[in-house]
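Letters A, B, ... mirror the listed sequences (proteins, then strands); counts begin at 1.
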Amino acid sequence: MNPIMNQDPAAPSSTPAPAPPPRAAAKPVALSVRDLRAGYAGGAAVLKGVSLDISERRVTAIIGPSGCGKSTLIRCLNRLHEALPGAFCDGQIMLGGRSVLDWDPVLLRREVGMVFQRPNPFPTMNIFDNVAAGLTLNGERDRAKIAERVESSLRRAALWDEVKDKLKSPGTGLSGGQQQRLCIARALAVEPRVLLMDEPCSALDPVATARIEELLLEIKETLTVVIVTHNMQQAARVSEYTAFMLSGELVEFGPTQGLFTKPADKRTEDYVTGRFG
Amino acid sequence: MGCAAPVIPPPTGRGRARVPGPRERAGDAFFRRALAVAASLILLVALALAWQLASASRQTWTSLGPAFLWRTGWNPVDDSFGALPFLYGTAVTSALAMLIALPLGVGSAIFLTELAPRRAAQALSFAVELLAAVPSVILGLMGVFLLVPAVRAVEPPLSRALGFLPLFRGAPYGVGLLSAGLILAVMILPYITAISREVLLTVPRPLKEGMHALGATRWEVVRGVCLPYARTGIAGAAFLALGRALGETMAVTMVIGNAPTISASLFSPAYTMSAVIANELAEAAGDAHLSALIAVGLTLFALTVVINGLARLLIYRLENRS
């Protein structure tokens with residue numbers, strides 16, 4: 001029996017034991033996913049029963065070829081997937097002892113932040129307001145407190161020194177890498193427990209990518225990161241755990257180093273050695 | 001990294017692209033000139049229209065001068081003319097219509113794009129476009145037989161409840177500014193809804209998801225992302241609707257009561273610029289009457305040009321601010 005399952009306050013003992021996750025995680029579990037199935041009504045399932053435990057304050061990378069369901073997986077974690085027309089999502093996702101399906105999606109998304117594939121700063125807001133957007137949504141009205149949080153978030157996103165003199169200029173005027181760091185600052189400002197990143201560097205050049213990877217190593221001190229990437233080197237560089245997905249199924253999940261050097265599954269080996277995908 | 005540039009084979013004698021001959025070049029030049037003529041015709045027609053209106057109304061302008069615009073009497077029998085009641089009627093009915101239709105139209109557009117289930121949204125969008133195609137005389141008939149009696153019934157209680165405002169005092173005729181404003185609102189509603197809907201559909205999904213991911217409610221996403229992103233287009237929709245409200249003739253003529261008076265009450269009969277032209281032009285006996293009617297027409301024309309210019313300016317400002 002998986003020892004983590006017993007520690008996990010989220011796992012109710014009464015539910016019939018779902019398939020245990022492929023590998024045990026060594027840290028307290030932030031998010032536990034059991035038998036997650038998702039897709040679109042009338043179409044083929046995108047996720048065909050995925051189970052994994054995401055460790056707290058660690059970076060978990062999800063790799064796999066295009067269309068394997070990795071983006072859908074993390075979009076289920078903050079319930080953005082089900083907002084799409086015709087989308088469905090079944091299974092169990094536990095966050096802090098509660099099923100995310102019991103959370104109000106609005107409150108859930110304040111605990112589980114997200115950074116998207118393409119930088120999406122709000123075009124009608126300046127840099128300051130972009131970062132403050134989540135705070136004002138939370139009902140924060142104290143200007144001094146907002147200013148303080150905006151600065152600390154921009155510092156954590158390693159963007160403060162570049163924008164501190166132009167906080168009132170539009171966020172869309174920044175370079176692509178800066179825009180993506182702005183979006184990270186925007187997500188961090190709400191102080192989420194979990195940060196989901198959906199291929200955050202795929203629209204960026206190598207220098208901007210390196211900066212984002214650096215800041216990932218810093219922010220994981222305080223929060224859990226789940227990063228979807230099609231770049232295996234990136235997964236190897238930034239993550240402690242890696243999940244390899246193929247056609248909507250979780251093929252292998254475990255410590256990153258082990259997965260890349262001694263993959264247990266033939267398909268994982270073929271993928272990480274570049275034989276397909 | 002990066003991929004190699006595609007190799008373009010060097011042109012060889014036989015495989016080379018065919019060079020257009022002199023005939024095709026002449027055809028091209030002809031085509032370009034024909035299009036230029038067609039495009040300049042639009043401008044020419046507008047100028048000719050303005051000139052025609054100005055020259056045909058010269059008698060009024062020379063005898064009364066700009067005072068024609070703020071004189072109140074309109075009595076063709078004594079050759080006494082003043083355009084103010086019509087300006088007032090047009091302004092009040094259009095303002096009333098905008099006041100009602102703009103929030104309703106933008107609200108419906110938000111519902112259709114953000115909230116309604118897809119099937120319902122499609123059916124409703126189709127219905128909205130159908131409503132835009134209803135001829136105004138049909139809406140006028142509906143106004144005469146349904147709206148006017150309803151307004152007549154509603155006016156006394158409205159007057160009792162809100163009678164402390166001069167807007168809601170007076171005899172309940174039914175026909176008047178309120179009915180005209182309501183029928184205009186019905187007429188411009190589909191324009192505002194349909195265009196706002198098109199504009200709201202262009203809001204990129206990643207932006208909306210970005211707002212949702214911060215823990216925004218649907219309303220906060222609409223207010224924080226959708227409306228700011230679409231504001232230029234919505235302003236355009238509003239001005240297009242206003243232009244239509246200012247110029248709308250038939251339905252308004254049928255329900256406004258056609259009395260060249262100025263009253264603070266929304267219940268009182270009034271007259272609009274387009275309505276007076278439509279009603280009196282055929283029966284205008286004297287030159288002075290005809291000239292005065294055309295002067296009203298010129299005023300309406302100038303008003304719509306000014307409104308359109310202001311709309312351009314506003315849209316230009318909004319675009320540059322973001």
* **A/E140 and A/R149 ion-paired at < 4.0 Å** => no
* To do: Under 4.5 Å heavy-atom distance to chain B, tell me which part of A/F122 shows up: side chain, backbone, both or neither.
  => both
* Interface moiety of A/V115 toward chain B, non-hydrogen atoms closer than 4.5 Å -> neither
* Can you tell which part of A/R186 gets under 4.5 Å to a heavy atom of chain B, answering side chain, backbone, both or neither? => both
* Asked: Do any N or O atoms from the side chain of A/Q179 and from the backbone of A/T172 form a donor-acceptor pair under 3.5 angstrom?
  -> yes
* To do: Would you mind telling me which of A/N78, A/D104, A/L80 has the largest number of heavy-atom pairs within less than 4.5 Å of chain B?
  => A/L80
* Non-hydrogen atoms of chain A under 4.5 Å away: do they reach the side chain of B/R205, the backbone, both or neither? -> side chain
* Hey, does the side chain of A/R193 reach the backbone of A/A30 with a donor-acceptor pair shorter than 3.5 angstrom? -> no
* Structure fact -> Note: vs chain A, highest number of non-hydrogen pairs under 4.5 angstrom among B/E209, B/R218, B/H212, B/R118 is B/E209
* **Side chain, backbone, both or neither of A/P121 within contact of chain B (heavy atoms, under 4.5 Å)** => backbone
* Asked: Between A/R98 and A/E111, is there a side-chain N and carboxylate O pair less than 4.0 Å apart?
  -> no
* Asked: Under 3.5 Å, side chain of A/H230 to main-chain N/O of A/I63, donor-acceptor pair present?
  -> no
* To do: Would you confirm whether B/S94, through its side chain, and B/A91, through its main-chain N or O, come within 3.5 Å as a donor-acceptor pair?
  => no
